[in-house]
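Comments concern the structure below.
We use all heavy atoms of the structure for the numbers below, so side chains are in, but hydrogens, waters and symmetry mates are not. Computed from a prediction, not measured in an experiment: that's the story for all the values here.
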Amino acid sequence: MAKAKKLTQPAIDKQAYKPELKDGQPKKVTYYPDAGKPGLYLVVHASGKYSWWLFYRLPGDPKKRKKVYSGFPTLAAVHKLAQADLDAAAEGRDPAAEKAEQRRQAKAGIPEGKLFRNVVERYLEHYKEGRGKNRKPAAKTFDAVHRALGLAKDQAGEWQEIALKKGERKHPIAAWGQRPIDTIAKHEVHALLDEMVSTGRRKAGGSAYQANRTYAYMRPLFEWARKRGLIEVSPCVDWDKAVEERRTRHNYTSAAFTREEIGWFWQATGRMGWPYGPIFRLLLLTGCRSREVGELRWSEVDIPNRLLNIPGSRTKNKLPLTLPLSGEALAILEGLPRVPNEAGYVFWTGKGKGAVDASSSNARERCHGLMEAIASEEGGEPVTIPHWVIHSTRDTVSTHMHESPPEGLGVLPHVVDSILNHKKPGVSGKYNGADYLSWKRDALQRWAAFVVTGRAPVGGNVVPLQRSA
């Protein structure tokens with residue numbers, strides 16, 4: 001047995017503790033006693049696997065007892081667990097026997113409260129109320145968390161387990177739904193995430209993107225379960241974030257439209273009609289996020305002063321946004337029908353209290369098809385336009401505003417960031433309260449001219465806007 005010494009987490013992470021050799025072969029188990037917590041051993045198996053064992057005695061009993069910690073917690077975490085078990089042993093309780101009894105009871109009948117599926121449902125109720133932060137999640141985020149964990153709404157609006165087709169990768173509920181949450185080990189969490197990454201295709205049920213989001217949504221779930229005593233230590237730790245492919249179109253490192261594509265987009269949206277034609281045009285003219293426009297309320301539209309006043313409760317970073325309206329954007333809003341609805345939405349679905357989903361994939365695909373048709377008509381031969389997403393409108397605004405004239409508008413970066421409602425970095429975020437309103441108004445008016453005419457205004461003069469279909 002190795003001499004007791006203080007173990008370190010970096011050495012454990014690098015797997016610096018190796019199995020000892022006997023007759024040229026790794027020993028079945030090698031013990032590394034931790035001087036930082038007497039009785040605790042890092043056990044290295046012949047296969048290279050690590051585990052934690054705690055040896056202890058009960059008062060008046062010379063028999064040495066052992067407890068093995070599942071999930072392989074970090075050094076700091078296992079120190080706390082070991083100390084709690086040593087304190088229990090000093091009181092005459094047997095931690096290993098208590099754990100064995102819990103397993104026996106689990107085999108006899110798993111407590112409903114510990115089933116992973118049931119824990120997920122209880123956690124989601126907690127998540128729905130804002131996780132104790134008095135800030136409820138957006139509907140889209142709430143749905144995304146459900147899907148990542150393995151739930152989707154049926155036709156009746158009830159959350160049901162997502163049925164997997166042949167070849168699709170498992171989601172957490174499919175993998176562990178009927179197991180007690182305290183039996184899920186870290187290596188199982190890593191295996192599930194690695195399997196998601198291995199598909200390499202999002203449509204096949206997995207990708208680096210899906211794995212990263214699943215990990216991000218599972219971590220607070222397991223931490224919530226730990227705080228409520230359902231598990232000793234979270235198994236959802238130490239997973240290295242998978243590398244996601246950056247969005248690219250043509251040779252760009254962003255998803256911005258080219259000048260030609262801006263023109264085709266503008267013409268396509270003119271053919272789409274209400275509500276997506278005006279919505280998509282406003283997204284391109286303002287640089288707003290899809291929800292900010294899709295859920296726009298008339299109370300947020302100041303026609304006389306030509307402003308949008310979007311409260312922080314509706315923005316991604318919770319910062320209020322005051323955005324000047326260009327002449328073209330104002331004309332779109334003034335020309336919209338006023339459809340009465342309780343919430344006062346500018347774009348209303350006509351069903352209940354819902355606003356229009358501005359990120360609709362069906363509407364995007366229709367617009368994409370129209371763009372290709374228009375481009376093909378202009379060129380006299382079929383044109384294929386690379387894939388784009390609704391967020392491409394923000395990329396387009398940012399890219400062409402930042403670009404130097406005559407290719408772009410040459411707008412100052414801090415003005416562009418203010419238009420996009422980005423949080424001011426560093427010291428500026430603390431001391432700089434400027435809103436750059438007049439600068440934003442000038443930039444957005446010049447941007448509208450750029451969108452409609454296909455060229456940047458010369459010498460800072462605004463090109464008169466020409467309404468096009």
Side-chain angles (χ1 to χ4, degrees), residues 138-140 265-266 269-270 272-360 363 367 390-391 393-394 396-398 401 411 415-422 434-452 462 464-468:
K140 265 184 105 170
F265 178 89
W266 190 255
T269 52
M272 290 181 72
W274 191 93
Y276 284 104
I279 286 176
F280 285 2
R281 284 190 165 190
L282 285 173
L283 289 173
L284 183 62
L285 290 171
T286 63
C288 286
R289 293 182 172 88
S290 58
R291 284 187 61 228
E292 293 168 352
V293 171
E295 298 177 10
L296 189 67
R297 292 158 172 82
W298 284 113
S299 59
E300 299 166 354
V301 180
D302 183 350
I303 296 292
N305 294 308
R306 298 175 57 171
L307 294 172
L308 290 184
N309 296 299
I310 302 175
S313 59
R314 288 213 315 106
T315 63
K316 183 177 180 180
N317 57 15
K318 305 306 175 184
L319 296 176
L321 171 63
T322 299
L323 199 66
L325 291 167
S326 63
E328 188 65 63
L330 184 67
I332 291 172
L333 288 167
E334 288 180 325
L336 292 176
R338 297 277 184 134
V339 184
N341 62 92
E342 184 178 334
Y345 289 125
V346 174
F347 303 102
W348 185 47
T349 62
K351 300 177 182 178
K353 300 179 181 179
V356 171
D357 178 10
S359 61
S360 165
C367 184
I390 301 300
H391 200 79
T393 54
R394 279 175 66 83
T396 301
V397 172
S398 179
M401 278 193 175
V411 178
V415 178
V416 179
D417 283 339
S418 185
I419 289 171
L420 299 176
N421 202 27
H422 289 160
D435 197 31
Y436 310 118
L437 194 61
S438 61
W439 289 8
K440 288 192 292 187
R441 188 180 297 280
D442 173 71
L444 286 166
Q445 189 61 55
R446 291 193 294 126
W447 170 243
F450 183 90
V451 168
V452 175
V462 176
L465 295 177
Q466 301 173 1
R467 303 287 190 270
S468 66

Within the 4.5 Å heavy-atom criterion, are V451 and F265 side-chain neighbours or not? no
Crowding at CH2, W439 (>12 non-hydrogen neighbours, <6.0 Å): no
Side chain proximity check, F347 to W274, heavy atoms < 4.5 angstrom: yes
Are any non-hydrogen side-chain atoms of L444 and I419 less than 4.5 angstrom apart? yes
Hey, could you give me the CE/OG1 distance between M401 and T396, rounded to the nearest 0.5 Å? 11.5 Å
Atom of C367, atom of F280 and distance for their closest heavy-atom approach: CB-CE2, 3.9 Å
Should D442 and V415 be marked as a side-chain contact (heavy atoms from CB on, under 4.5 Å) after you check the CA-CA gap, both sets of side-chain angles, and the distance that decides it? CA-CA 10 Å; D442 173 71; V415 178; over 6 Å; no
May I have the step-by-step check of side-chain contact (heavy atoms from CB on, under 4.5 Å) for Y276 and S360, ending in yes or no? CA-CA 9 Å; Y276 284 104; S360 165; 3.4 Å; yes
Within the side chain of R281, is there an N or O that forms a donor-acceptor pair under 3.5 Å with the backbone of W266? yes
Return yes if some donor-acceptor pair links the side-chain N/O of D435 with the main-chain N/O of L437 below 3.5 Å, else return no. no
May I ask you to decide if N421's main-chain N or O and K316's side chain share a donor-acceptor pair within less than 3.5 Å? no
CD on E328 to OG1 on T286, rounded to 0.5 Å: 12.5 Å
At their closest point, which heavy atom of G294 faces which heavy atom of A358, and how far apart are they? CA-CB, 3.8 Å
Under the side-chain contact (heavy atoms from CB on, under 4.5 Å) criterion, do R446 and V411 qualify, and how do the steps go? CA-CA 10 Å; R446 291 193 294 126; V411 178; 3.7 Å; yes
What is the minimum heavy-atom distance between L283 and C288, and which atoms define it? CD2-O, 3.5 Å
Would you check if the side chain of R306 reaches a backbone N or O of P304 as a donor-acceptor pair within less than 3.5 Å? no
Results of salt bridge (charged side-chain N to carboxylate O under 4.0 Å, His left out) for D302 - residues two or more places apart only: none
Between the CD1 atom in I303 and the CG atom in L325, the distance rounded to the nearest 0.5 Å is 7.0 Å
If I take atom CD1 from residue I332 and atom OG1 from residue T269, how far apart are they, to the nearest 0.5 angstrom? 7.5 Å
About how many Å separate CZ of R289 and OG1 of T393, when rounded to the nearest 0.5 Å? 10.5 Å
Side-chain donor/acceptor of W447 to backbone N/O of L284, under 3.5 Å: yes
Under the rule for salt bridge (charged side-chain N to carboxylate O under 4.0 Å, His left out), what residues qualify as partners of R394, not counting sequence neighbours? none
How close do P278 and G273 get, counting heavy atoms only, and between which atoms? CD-O, 3.4 Å
Provide the closest heavy-atom pair for Q445 versus G327 in the form atom of the first, atom of the second, distance. OE1-N, 3.0 Å
Side chain proximity check, R441 to L307, heavy atoms < 4.5 angstrom: yes
In this structure, CG of L321 is separated from CD1 of I310 (nearest 0.5 Å) by 5.0 Å
Looking only at heavy atoms, the pair that brings W348 and P340 closest together is CZ3-O, 3.5 Å
For R314, enumerate each residue passing the salt bridge (charged side-chain N to carboxylate O under 4.0 Å, His left out) test, keeping only those at least two apart in sequence or located in another chain. E300
